[in-house]
Undergrad: 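Mind having a look at this structure? Questions to follow.
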Amino acid sequence: MSRDTTADGGRAGTDAADRERVWLVERTYSDDEQNIVILVYATPDGSRYLRKERALTSFDDARDTTASLRPRESSLGEVTDADERERYAAEAQRTREQYGPNETI
């Protein structure tokens, strides 16, 4: 049986099954020399988002990025810009169509 991963990296339990799923909509790399990867996940309607930052500690630092997560409600921010909300919704739909929820991107 496959289990989901929560936004904080832990394994999802029964309470996570009730959480809204967010989908990867953006992945960017820091312009400075801090080697930061920024991941943005959004709800299917684009109205809420989760931003995660990962520091790459070495050239061979390989961590899986899954297509979706089920974060805690308190981890989600509100998307206030209408254009960004529309873009996030379109990207979330595209990700949902191309990947299963726990697939690595």
Side-chain angles (χ1 to χ4, degrees):
M1 174 187 278
S2 169
R3 293 176 59 159
D4 292 336
T5 302
T6 62
D8 58 10
R11 287 296 186 183
T14 55
D15 62 327
D18 295 331
R19 297 178 190 162
E20 186 168 14
R21 186 174 294 282
V22 293
W23 295 85
L24 185 66
V25 295
E26 186 175 285
R27 178 175 21 196
T28 57
Y29 298 90
S30 174
D31 289 335
D32 57 22
E33 295 187 29
Q34 294 181 4
N35 296 324
I36 304 285
V37 176
I38 301 166
L39 304 171
V40 178
Y41 289 83
T43 55
D45 65 0
S47 67
R48 305 198 54 188
Y49 74 97
L50 170 71
R51 177 186 164 115
K52 295 180 71 169
E53 294 184 5
R54 287 190 184 159
L56 300 177
T57 57
S58 67
F59 288 113
D60 61 353
D61 185 1
R63 286 181 260 173
D64 290 343
T65 298
T66 57
S68 74
L69 302 170
R70 289 187 187 264
R72 288 180 172 77
E73 181 80 16
S74 61
S75 299
L76 296 175
E78 186 177 340
V79 179
T80 56
D81 180 83
D83 290 338
E84 189 168 71
R85 189 170 37 247
E86 186 177 314
R87 183 173 61 84
Y88 281 179
E91 288 299 317
Q93 179 64 33
R94 187 180 65 79
T95 301
R96 290 173 67 184
E97 289 172 355
Q98 293 181 356
Y99 300 94
N102 297 316
E103 276 190 80
T104 300
I105 295 181

Undergrad: Start with the C-alpha distance between T65 and V37, add both sets of side-chain angles, then the distance that settles side chain to side chain contact (heavy atoms under 4.5 Å, CB included), and finish with yes or no.
TA: CA-CA 11 Å; T65 298; V37 176; over 6 Å; no

Undergrad: What are the two closest heavy atoms between V22 and Y41, and how far apart are they?
TA: CG2-CB, 3.4 Å

Undergrad: Could you give the distance from CD (E73) to CZ (R19), rounded to the nearest 0.5 Å?
TA: 10.0 Å

Undergrad: Restricting to salt bridge (charged side-chain N to carboxylate O under 4.0 Å, His left out), what partner residues turn up for E53, sequence neighbours left out?
TA: R51

Undergrad: Any idea which heavy atoms bring A92 and P44 closest together, and the distance?
TA: CB-CA, 4.1 Å

Undergrad: Which value, rounded to the nearest 0.5 Å, describes the distance between Y49 atom OH and L76 atom CG?
TA: 9.5 Å

Undergrad: Thinking salt bridges, do E97 and R94 make one under a 4.0 Å N-O criterion?
TA: no

Undergrad: Taking all non-hydrogen atoms of both residues into account, name the closest pair between S75 and L50 and its distance.
TA: O-CD1, 3.5 Å

Undergrad: Considering non-hydrogen atoms only, spot the tightest contact between E84 and V79 and give its length.
TA: OE1-CG1, 3.9 Å

Undergrad: Return the CD to CD distance between Q98 and Q93, rounded to the nearest 0.5 Å.
TA: 10.5 Å

Undergrad: Checking T95 side chain against A67 main chain: does a donor-acceptor pair fall under 3.5 Å?
TA: no

Undergrad: Just how far is it from atom OG1 of T80 to atom CZ of R85, taken to the nearest 0.5 Å?
TA: 7.5 Å

Undergrad: Going by the rule salt bridge (charged side-chain N to carboxylate O under 4.0 Å, His left out), which residues pair with E103 if we only count those two or more places apart in sequence or in a different chain?
TA: none

Undergrad: Decide yes or no for R96 and S68: does some side-chain heavy atom of the first lie under 4.5 Å from some side-chain heavy atom of the second?
TA: no

Undergrad: Assess the residue pair L69 and K52 against the criterion (side chain to side chain contact (heavy atoms under 4.5 Å, CB included)); give the C-alpha distance rounded to whole Å, side-chain angles, the decisive distance to 0.1 Å, and a yes or no.
TA: CA-CA 11 Å; L69 302 170; K52 295 180 71 169; 3.9 Å; yes

Undergrad: Looking only at heavy atoms, what is the nearest atom pair of D64 and R54, with distance?
TA: O-NH2, 3.1 Å

Undergrad: How many angstroms lie between atom CG of N102 and atom CZ of R70, to the nearest 0.5 angstrom?
TA: 9.0 Å

Undergrad: Between atom CG of D83 and atom OH of Y88, what is the distance when rounded to the nearest 0.5 Å?
TA: 12.0 Å

Undergrad: Without swapping roles, check the side chain of R48 against the backbone of T43 for a donor-acceptor pair under 3.5 Å.
TA: no

